[in-house]
Amino acid sequence: MSTRDLTDLLYRPATELAALVRSGEVSSRELVEASLGRIDDVDGRVNAFTLVDSEGALAAADAIGAGDERPFAGVPIGIKDLTAPVAGLVMSQGSELFGDYTPDYDAYVVRRIREAGFVIVGKTSSPELGIIPVTEPRRFGPTRNPWNLERTPGGSSGGSAAAVAAGMVPVAHGSDGGGSIRIPSACCGLVGLKPSRGRISRGPDLGDSFLSTDGMLTRTVEDCARALDAMAGYEPGDSTWTPDPSEPFANAVGRDPGKLRIGLVMKPPIEAEIDPICERAVRDAAELLGSLGHVVTEVDPPWGRESDAHMLALFTVLYAANIGLGVAFGGMVSGREPQPEHMEKLTWEMFQRGLGQSSIEYMAALSQLQRYTRELVAWQSQFDLLMTPALAQRPLEIGDIRPDGDNPLAEFARTGLFTPFTAVFNVTGQPAISLPLFHGEDGMPAAVQFAGPPLGEADLLTLAAQLEAETNWAERRPEL
């Protein structure tokens, strides 16, 4: 194939590319060379990767031949540069504090990604310690949205989203502790599923995580489902995990979802205005769902009450503790005591807040959020799924949020106005997915979020595949 044909292939589904490698029509080396060439061509403008491992990727590709039955054999992928170590590659978490720390082991999820046949071409950028929903770390500079280079690709999996949207890789790894897969997917026109709490092991370094989970950013629902099959499952020593599904998640794709009861929620958990394009996407989605035989009912959720300001404070207790742990880890692996000059101002403020919290305050916040979760999950049980705007605002301009500014905590509060609908499902642990159903007149994707019942990824994937067939979003691509 010509170089142009190979570059065009990178916009095709990863499952399709693996089939081409399996049949011998295309080699893994050709795909990886096309990926590396595309990175050379466009990443100077997009800045999605923090490092590219050309030598390692080509060596891995050369070890994959025709007939390889692994589901993603030979397909290039990027790994988010945050909490998932990749053996031999610098792990910076977007922060100068980590220096050139290079782990000599893979996270369990990275090992599973390799075992599925993926070829890792490099690490993708995130904001420092993944704190905010834009990807503009001081260490690496801003990552830009391929649909509009003056806009953010979102965060914290912003580098992964930009890399896929720009055709540098067909899929990329991400993680989600407050919307960090769904937000960049919404900004960049991709499918972004946050799996259920405990679905994917966070070992060997991390234990139970109340808020965060790993996942994948993809163009198609089938890639999303098959990637989840590859990443999910118990690992020895996990203290909590979800039960295995009764069948592969890939089987949910193409199945008739039946007539679903869907609750439409336009009221955000915190006070925030919704952009007209974001609202219209949800209204148009509701109309499409109705035409497919589903019953959509607009409802007021049990949030937005005075007590929810307290819930936000409890979320921040857990969030600050997680950030503090990341800073402490950075200090340990770099061999230096964390100081303000080693990190952005917001990171330092969150670190100080984490240090100032007591263990009793942390456990109390965790317990109260679990009670809040039970209330929300019980309320949602009257519906099969919920739907909300994925974002309350259009993708922000580069520099709109300044974690290294004079008032970093005010900047952190500003992020909630952009993404008020995502973090609640990290608190409840429910699966949630962002789907790029429409496109705004501003030339940017317009996405809708759906949330399922606990362990309900298959429900989300079945409906997502039905909607994908109606809108054909995977064929849209930015001009770079």
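Within the 4.5 Å cutoff, no side-chain heavy atoms of N426 are placed close to those of F210. Residues P454 and V377 are in side-chain contact: their nearest non-hydrogen atoms beyond the backbone lie under 4.5 Å apart. Counting heavy atoms from C-beta on, the side chains of H294 and Q466 come closer than 4.5 Å. With contacts defined as side-chain heavy-atom distances shorter than 4.5 Å, the pair S175/T213 does not qualify. The side-chain heavy atoms of L376 and V424, taken from C-beta on, include a pair separated by under 4.5 Å. Residues L17 and F72 are not in side-chain contact: their nearest non-hydrogen atoms beyond the backbone lie 4.5 Å or more apart. Using a 4.5 Å cut-off on side-chain heavy atoms (C-beta onward), T388 and F450 make no contact. Contact of the R219 side chain with the V164 side chain is registered, since non-hydrogen atoms from C-beta on lie closer than 4.5 Å.
P195 approaches I200 most closely through the heavy-atom pair CG-CD1, 3.9 Å. Shown here for P146 and C188, the closest heavy-atom pair between the two residues is CD-SG, 4.4 Å. Smallest separation of non-hydrogen atoms from P127 and L82: O-CD1, 4.5 Å. What you find for I183 and G155 is that their closest heavy atoms are CB-O, 3.7 Å. In terms of heavy atoms, I262 sits closest to F383 at C-CD2, 3.9 Å. Of all heavy-atom pairs between P153 and C187, the closest is O-CB, 3.4 Å.
A donor-acceptor pair shorter than 3.5 Å cannot be found between the side chains of R226 and T15. Between the side chains of S434 and S185, not a single donor N or O lies within less than 3.5 Å of an accepting N or O. Looking at D238 and S201, their side chains do bring a donor and an acceptor atom within 3.5 Å of each other. In summary, the side chains of S126 and D81 do not present any donor paired with an acceptor at a separation below 3.5 Å, with no hydrogens or angles considered. For the residue pair Q449 / R182, a side-chain donor-acceptor distance below 3.5 Å is found, with atom types taken as modelled. With no hydrogens or angles considered, no side-chain donor-acceptor pair links Y11 and R476 at under 3.5 Å. In summary, the side chains of T83 and R202 do present a donor paired with an acceptor at a separation below 3.5 Å, with no hydrogens or angles considered. Side-chain polar atoms of T240 and D208 form a donor-acceptor pair below 3.5 angstrom. For the residue pair K80 / S125, no side-chain donor-acceptor distance below 3.5 Å is found, with atom types taken as modelled. No side-chain N or O of Q393 forms a donor-acceptor pair with one of E273 less than 3.5 Å apart. Under 3.5 Å, the side chains of T428 and Q430 contain a donor-acceptor pair of N or O atoms.
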message: Determine whether I274 and F421 satisfy the following criterion, side chain to side chain contact (heavy atoms under 4.5 Å, CB included), listing intermediate values before the conclusion.
response: CA-CA 11 Å; I274 301 175; F421 289 100; 3.8 Å; yes
Verdict with reasoning, D68 to R22, per salt bridge (charged side-chain N to carboxylate O under 4.0 Å, His left out): CA-CA 5 Å; D68 194 316; R22 192 174 302 117; over 6 Å; no
task: Determine, stepwise, if the pair V299 / L264 fulfils side chain to side chain contact (heavy atoms under 4.5 Å, CB included).
output: CA-CA 6 Å; V299 289; L264 187 162; over 6 Å; no
- prompt: Could you go step by step and tell me if I79 and I120 meet the side chain to side chain contact (heavy atoms under 4.5 Å, CB included) rule?
  reply: CA-CA 7 Å; I79 304 295; I120 297 170; 3.9 Å; yes
- prompt: Would T124 and S160 count as a side-chain hydrogen bond (donor to acceptor under 3.5 Å, both in side chains) if you check the C-alpha gap in whole Å, the side-chain angles of each, and the deciding distance to 0.1 Å?
  reply: CA-CA 5 Å; T124 58; S160 289; 2.7 Å; yes
- prompt: Is there a side chain to side chain contact (heavy atoms under 4.5 Å, CB included) between V110 and R114 once you walk through the steps?
  reply: CA-CA 6 Å; V110 173; R114 291 191 198 271; 4.2 Å; yes
field: E235 and R111: CA distance, side-chain angles, deciding distance, salt bridge (charged side-chain N to carboxylate O under 4.0 Å, His left out) verdict
entry: CA-CA 11 Å; E235 290 282 353; R111 189 199 74 226; 2.5 Å; yes
message: I'd like to know whether R477 forms a salt bridge (charged side-chain N to carboxylate O under 4.0 Å, His left out) with D8, so could you lay out the CA-CA distance, the side-chain angles of the two residues, the decisive distance to 0.1 Å, and finally the verdict.
response: CA-CA 11 Å; R477 65 174 73 174; D8 285 342; 3.4 Å; yes
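Using a 4.0 Å cut-off between charged nitrogen and carboxylate oxygen, E475 and R12 count as a salt-bridge pair. Between R255 and E247 there is a salt bridge, with a side-chain nitrogen of the basic residue lying less than 4.0 Å from a carboxylate oxygen of the acidic one. Between E457 and K194, no side-chain nitrogen of the basic residue sits less than 4.0 Å from a carboxylate oxygen of the acidic one, so the salt-bridge criterion is not met.
T297 OG1 to Q382 CD: the interatomic distance, rounded to the nearest 0.5 Å, is 8.5 Å. A distance of 8.0 Å separates OG of S92 from CG of L51, quoted to the nearest 0.5 Å. Atoms CG and OH, from D214 and Y108 in turn, are 13.5 Å apart once rounded to the nearest 0.5 Å. To the nearest 0.5 Å, the span separating CD on E30 from OG on S27 amounts to 3.5 Å. Rounding to the nearest 0.5 Å gives a distance of 5.5 Å between CG of L437 and CH2 of W473. Distance CG/L217 to CG/D176: 9.0 Å, rounded to 0.5 Å.
Using bins of under 30°, 30° to 60° and over 60° for the plane-to-plane angle, the ring pair W303/W379 lands in the tilted bin.
With hydrogens and angles disregarded, no donor-acceptor distance shorter than 3.5 Å links the side chain of S212 to the backbone of S209. Checking side-chain atoms of T462 against main-chain N and O of A252 turns up a donor-acceptor pair under 3.5 Å. In this structure, the side chain of R394 engages the main chain of M444 through a donor-acceptor pair within 3.5 Å.
Residue pairs meeting the ring-ring contact (aromatic ring centres under 6.0 Å, His included) criterion with at least one member in residues 218-242, sequence neighbours excluded, are Y234-W241.
More than 12 non-hydrogen atoms from other residues, nucleotides or ligands lie less than 6.0 angstrom from CD of E16. For E287, the CD atom counts as loosely surrounded, since its 6.0 Å shell holds 12 or fewer non-hydrogen atoms of other residues, nucleotides or ligands.
With sequence neighbours excluded, the residues forming a side chain to side chain contact (heavy atoms under 4.5 Å, CB included) with R374 are Q370, listed by chain and number.
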